[in-house]
Amino acid sequence: MNAAKKIRRFIEEGHDPQQMQVLKELATALEMGRSFDLSLLYDIDMRYFDVAIDLLKDWRFDHHIASRSKLLEQLLTEIAPEKQAKASESPADKPAASKAAKPKK
């Protein structure tokens, strides 16, 4: 189970509100791109701290996946115009060019 699911389960089960507040703030900060005071993690129990670290790992992994997806998207947009240019060359142009290159007898 990933960290986000664990946090949702903790919320639904009514776990310690003070501990959960730190996890909620961390999750919100990661999702919204906001800053987060890491010293807050020092004050929570180890069980919740481990979930916070797992959340950070999941977030980092997801960002790597997103970066790879963006790279692939960029590469495909660069390759597509080249393929379109090759495909747009008319077949009539190609033989004419090859006839012109042949020496006459």
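None of the values given here were measured: they were computed from a predicted structure.
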Sequence-distant partners of Tyr48, ring pair (Phe, Tyr, Trp, His ring centres under 6.0 Å), two or more places apart | Phe10

Could you tell me the separation between the CD1 atom of Ile11 and the CG atom of Leu23, rounded to the nearest 0.5 Å?
-> 8.0 Å

All N/O donor-acceptor pairs, side-chain side in residues 32-41, below 3.5 Å, sequence neighbours left out:
residue	atom	partner	partner atom	Å
Asp37	OD1	Ser39	N	3.2
Asp37	OD1	Ser39	OG	2.7
Asp37	OD2	Ser39	OG	3.0

Can you name the side-chain contact (heavy atoms from CB on, under 4.5 Å) partners of Ala27, sequence neighbours left out?
-> Leu55

Which value, rounded to the nearest 0.5 Å, describes the distance between Ile53 atom CD1 and Lys57 atom NZ?
-> 7.5 Å

Run the numbers on Met46 and Asp50 for side chain to side chain contact (heavy atoms under 4.5 Å, CB included), then give the verdict.
-> CA-CA 6 Å; Met46 195 62 172; Asp50 288 339; 3.8 Å; yes

Please confirm whether the backbone N or O of Ala3 pairs with a side-chain atom of Asp54, one donor and one acceptor, at under 3.5 Å?
-> no

Considering residues, nucleotides and ligands other than Gln18, do more than 12 of their heavy atoms fall under 6.0 Å from its CD?
-> no

Single-linkage hydrophobic cluster Leu56~Tyr42, side-chain heavy atoms < 4.5 angstrom = no

Does a sphere of radius 6.0 Å around CD in Glu13 hold more than 12 heavy atoms from other residues, nucleotides or ligands, not counting ones at 6.0 Å or beyond?
-> yes

Take His15 and Arg47 through the side chain to side chain contact (heavy atoms under 4.5 Å, CB included) test and state the conclusion after the steps.
-> CA-CA 11 Å; His15 283 251; Arg47 174 183 184 188; 3.2 Å; yes

Nearest 0.5 Å please: distance from the CG atom of Asp58 over to the NZ atom of Lys6.
-> 8.5 Å

